[in-house]
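What follows is one structure encoded as structure tokens, with my remarks underneath.
All heavy atoms count here, side chains included; hydrogens, waters and symmetry mates do not. Every chain is numbered from 1, with letters handed out A, B, ... down the list of sequences.
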Amino acid sequence: MRTHKCGEVTGTDIGSEIKIVGWTNKWRDHGGVVFIDLRDRSGLVQVVFSPESDEAVHKAAHKVRNEYVIQVSGSVRARPEGTVNESLPTGAVEVVVKEFKILNECKPLPFMVDDDTDASESLRYKHRYLDLRRPIIQKNLILRHKTTKAFRDYLDGEGFLDIETPILTKSTPEGARDYLVPSRTNPGSFFALPQSPQIFKQILMVAGLERYYQIVRCFRDEDLRADRQPEFTQVDMELSFVNSEEIMTLIEHMIKHVFKEALGTEIKEQFVRLTYKDAMDRYGCDKPDLRFGLELADVSDLVKDSEFKVFLDTLKRGGIVKAIAGKGLAGYSRKDLDDLTKEVQGYGAKGLAWIKIKDDYESPIVKFFPDGLLDKIKERLGAEKGDLMLFVADRVNVTNDCLSRLRNELGRRLELISDNVYKFAWVTDFPLFEWNEDEKRHEAMHHPFTSPMEEDLELFFKEDAESQSRIRAQAYDIVLNGCEIGGGSIRIHKKEVQDRMFHLLGIEAEEANSKFGFLLDALDHGAPPHGGLALGLDRLVMIMCGARSIRDVIAFPKTQKAACPLSNAPSEVSAKQLEELGIKLDIKE
RNA sequence: GGGGUGGUAGUUCAGCUGGUUAGAACGCCGGCCUGUCACGUCGGAGGUCGCGGGUUCGAGUCCCGUCCACCCCGCCA
């Protein structure tokens with residue numbers, strides 16, 4: 001149907017007869033001469049209908065409207081002097097139409113197909129076939145394609161096999177809420193859609209496949225966010241006979257390959273290494289944005305010499321006092337400070353103490369600090385005149401949580417966060433367990449198949465909760481610009497260790513057997529040491545695109561209520577379907 | 001489950017302390033226009049003010065409820 005693509009008509013085609021097809025991006029009817037910008041995936045080119053070349057064709061051109069699909073035959077020529085469009089790659093040429101055909105018409109549009117459309121998301125998703133015509137979205141999908149291709153190429157080169165795992169699988173305890181699928185042939189029983197192919201990929205290792213990968217859909221029935229969809233894609237990998245260092249090295253090379261191939265960006269520096277403890281101490285979270293500094297400092301040992309009751313009481317109860325220095329923010333108004341205070345209170349802090357460093361220290365609380373103490377605090381924070389010192393005093397986790405969010409907020413306010421900068425970090429030495437206060441039991445921080453560190457195995461077999469809380473995991477997260485883009489671990493490959501793990505998680509042998517028996521059996525039949533990692537593809541591509549939302553890199557995303565405005569899924573089903581499945585509805589009003 | 005913002009023409013929005021016939025831009029339809037590329041120009045059509053109640057002589061505007069979209073908290077091993 002065509003000899004050229006619209007965006008690829010160039011000066012070298014001048015004089016030749018070509019045939020192109022595409023959508024009418026814009027038409028300009030001057031009465032005498034009609035211009036149409038014809039668009040296909042490759043770009044735009046201007047076509048000209050002039051009465052001099054063909055009266056009938058020129059007349060018919062008046063019928064064309066936006067988004068009509070047309071086919072054009074004509075000759076390429078240089079545009080007349082003074083009419084070159086510098087802002088268009090094809091702006092030096094135009095196609096003089098000799099023949100054209102309307103291949104399809106288009107009803108009036110619900111919104112303009114245009115990169116800077118400001119149509120609402122729900123309208124765009126309802127007519128996603130129009131929304132996806134916008135070059136800016138196509139660019140994202142193209143980058144996503146290049147990214148997955150680069151992953152596949154790299155992994156293929158490293159001897160990884162792409163192996164599919166079941167989508168209809170088994171519900172497992174722990175983790176997110178499952179999406180369930182009823183089984184018609186087993187009334188009353190349900191499949192679950194996988195939250196990840198975790199167990200299957202481990203079984204592939206036991207089976208001797210040695211290197212597995214899959215770019216695979218995962219499902220979690222939890223509430224949505226700008227960076228969270230109920231179905232999302234992981235680059236999922238598992239390797240046998242490796243340690244965590246070897247895995248991290250491989251992943252680092254892979255990521256650099258992908259950034260170079262898909263984005264043309266060379267990541268030169270080595271990924272930063274942080275232990276979990278370092279990350280928490282210095283940034284208050286396990287996914288710090290390393291594009292800026294503003295590190296936190298623990299000042300508990302200093303403020304214990306003050307007379308500020310809030311701090312002293314917190315310390316007495318086993319809490320801590322940490323602080324951060326806002327560079328150049330000593331001029332903050334009462335309202336600015338109130339806003340910041342409200343922000344941290346939203347995350348559980350009781351308040352935010354502040355001290356401005358001007359010629360003197362300025363704050364309602366300076367009177368509680370003896371001479372010299374404030375200098376020591378200032379020194380520890382690396383603060384100087386003109387800065388604002390902000391303090392949170394609370395339990396360790398609340399303090400860290402609030403200050404890490406405050407740190408990100410200050411990073412934004414001080415405009416320290418630049419796009420097109422990629423700061424990677426590995427976070428390692430995670431605790432194996434996280435204490436669940438509600439249920440009074442340990443939960444796996446990563447997942448229940450994560451191996452404890454060799455040197456902590458002794459603790460692993462001790463009975464007291466305090467020892468157990470000190471066990472570190474052979475787990476590692478990969479962080480990019482303050483976003484967790486992936487994580488993995490060395491897995492448990494010995495049955496007795498896995499049994500012990502379930503025991504510590506409060507999962508009885510019987511339950512473990514019914515839920516994970518097939519994995520436990522496999523571990524008992526010559527399971528090799530193995531480990532792996534999964535990367536969140538959507539989030540990664542989102543960062544690479546500079547997109548604000550994960551929905552901008554997914555062709556058919558769901559709304560915050562986990563619905564699809566295009567297909568209207570989910571929807572009710574017929575009584576017959578329910579009957580076949582043995583399902584009766586009991587909807588709470 | 002909770003907090004916030006929004007919902008008025010096809011679209012994006014304005015609409016003041018409640019008051020006559022709800023406006024603008026873009027889009028759409030028609031006319032004019034031979035060098036535009038945000039074309040210009042003249043004219044026209046287009047509204048259940050998300051939905052349901054209430055207050056009032058009178059509600060787009062105030063109150064209550066509800067639905068939807070987005071952002072966040074909880075949740076997401």
For A/Ser469, side chain to side chain contact (heavy atoms under 4.5 Å, CB included) partners two or more places apart: none
Compute both the distance and the angle, then confirm whether A/Arg65 meets the cation-pi test with A/Trp27: under 6.0 Å from the six-membered ring centre, within 45 degrees of the axis. yes
Under 3.5 Å donor-acceptor pairs involving side-chain atoms of residues 341-349 of chain A, not counting sequence neighbours:
from: A/Thr341; atom 1: OG1; to: A/Leu337; atom 2: O; distance (Å): 2.7
from: A/Gln345; atom 1: NE2; to: A/Lys350; atom 2: O; distance (Å): 3.0

What residues 467-474 of chain A contributes to the RNA chain B interface at heavy-atom separation below 4.0 Å is none
Is a side-chain donor-acceptor pair under 3.5 Å present for A/Gln195 with A/Arg177? no
Verify stack between A/Phe111 ring and B/U11 base, 5.5 Å, 30 degrees: no
Any side-chain donor paired with an acceptor under 3.5 Å for A/Asp13 and A/His4? yes
Could I get the full list of salt bridge (Lys or Arg N to Asp or Glu O under 4.0 Å) partners for A/Lys59, not counting sequence neighbours? none
Where do N or O atoms of nucleotides 72-76 of chain B meet protein N or O atoms at under 3.5 Å, pair by pair?
from: B/C72; atom 1: OP2; to: A/Ala226; atom 2: N; distance (Å): 3.3
from: B/C73; atom 1: OP1; to: A/Arg405; atom 2: NH1; distance (Å): 2.9
from: B/C73; atom 1: OP2; to: A/Arg225; atom 2: NE; distance (Å): 3.0
from: B/G74; atom 1: N7; to: A/Arg225; atom 2: NH2; distance (Å): 2.8
from: B/G74; atom 1: O6; to: A/Arg225; atom 2: NH1; distance (Å): 3.0
from: B/G74; atom 1: O6; to: A/Arg225; atom 2: NH2; distance (Å): 3.2
from: B/G74; atom 1: N1; to: A/Asp223; atom 2: OD2; distance (Å): 2.6
from: B/G74; atom 1: N2; to: A/Asp223; atom 2: OD2; distance (Å): 3.2
from: B/C75; atom 1: O2'; to: A/Glu222; atom 2: OE1; distance (Å): 2.6
from: B/C75; atom 1: O2; to: A/Arg228; atom 2: NH2; distance (Å): 3.1
from: B/C75; atom 1: N3; to: A/Arg228; atom 2: NH1; distance (Å): 3.2
from: B/C75; atom 1: N3; to: A/Arg228; atom 2: NH2; distance (Å): 2.7
from: B/C75; atom 1: N4; to: A/Arg225; atom 2: NH2; distance (Å): 3.4
from: B/C75; atom 1: N4; to: A/Arg228; atom 2: NH1; distance (Å): 3.2
from: B/C76; atom 1: O2; to: A/Arg228; atom 2: NE; distance (Å): 3.4
from: B/C76; atom 1: O2; to: A/Arg228; atom 2: NH1; distance (Å): 3.0
from: B/C76; atom 1: N3; to: A/Arg228; atom 2: NH1; distance (Å): 3.0

Check the pair A/Phe449 / A/Phe516 against ring-ring contact (aromatic ring centres under 6.0 Å, His included), numbers first and verdict last. CA-CA 11 Å; A/Phe449 315 109; A/Phe516 306 109; 5.4 Å; yes
In residues 69-80 of chain A, which ones come under 4.0 Å of RNA chain B, going by heavy atoms? A/Arg77, A/Arg79, A/Pro80
Listed in order of residue number, which residues of residues 507-520 of chain A have a non-hydrogen atom at under 4.0 Å from RNA chain B? none
Output all residues satisfying side chain to side chain donor-acceptor pair (under 3.5 Å) with A/Asp236, sequence neighbours left out; order by chain, then residue number. A/Lys201, A/Tyr212
Protein and nucleotides 46-48 of chain B: nitrogen or oxygen contacts under 3.5 angstrom:
none

Tell me whether the count of non-hydrogen atoms from other residues, nucleotides or ligands lying under 6.0 Å of NZ in A/Lys126 goes above 12. no
Counting the atoms with a prime plus P, OP1 and OP2 as sugar-phosphate, which does A/Asp118 contact under 4.0 Å by heavy atoms, base, sugar-phosphate, or nothing? sugar-phosphate
A/Arg134 CZ: over 12 foreign heavy atoms closer than 6.0 Å: yes
Between A/Arg28 and A/Asp37, is there a side-chain N and carboxylate O pair less than 4.0 Å apart? yes
So A/Asp477 and A/Phe430, do their side chains get closer than 4.5 Å, heavy atoms only? yes
Less than 5.5 Å between centroids and less than 30° between ring planes, does A/His30 satisfy that with B/C39? yes
Contacts to RNA chain B from residues 490-498 of chain A, heavy-atom cutoff under 4.0 Å, which residues? none
Mind listing the side-chain donor-acceptor pairs of residues 76-83 of chain A below 3.5 Å, one per line with the distance, residues two or more places apart or on another chain?
from: A/Arg77; atom 1: NE; to: A/Glu94; atom 2: OE2; distance (Å): 3.0
from: A/Arg77; atom 1: NH2; to: A/Glu94; atom 2: OE2; distance (Å): 3.1
from: A/Arg79; atom 1: NE; to: A/Gly91; atom 2: O; distance (Å): 3.2
from: A/Arg79; atom 1: NE; to: A/Val93; atom 2: O; distance (Å): 3.0
from: A/Arg79; atom 1: NH1; to: A/Thr83; atom 2: O; distance (Å): 3.1
from: A/Thr83; atom 1: OG1; to: A/Pro80; atom 2: O; distance (Å): 2.6

Per-nucleotide protein contact string for nucleotides 26-32 of chain B, where B marks a base within reach and S marks sugar-phosphate only (heavy atoms under 4.0 Å, - for neither): -SSSS--
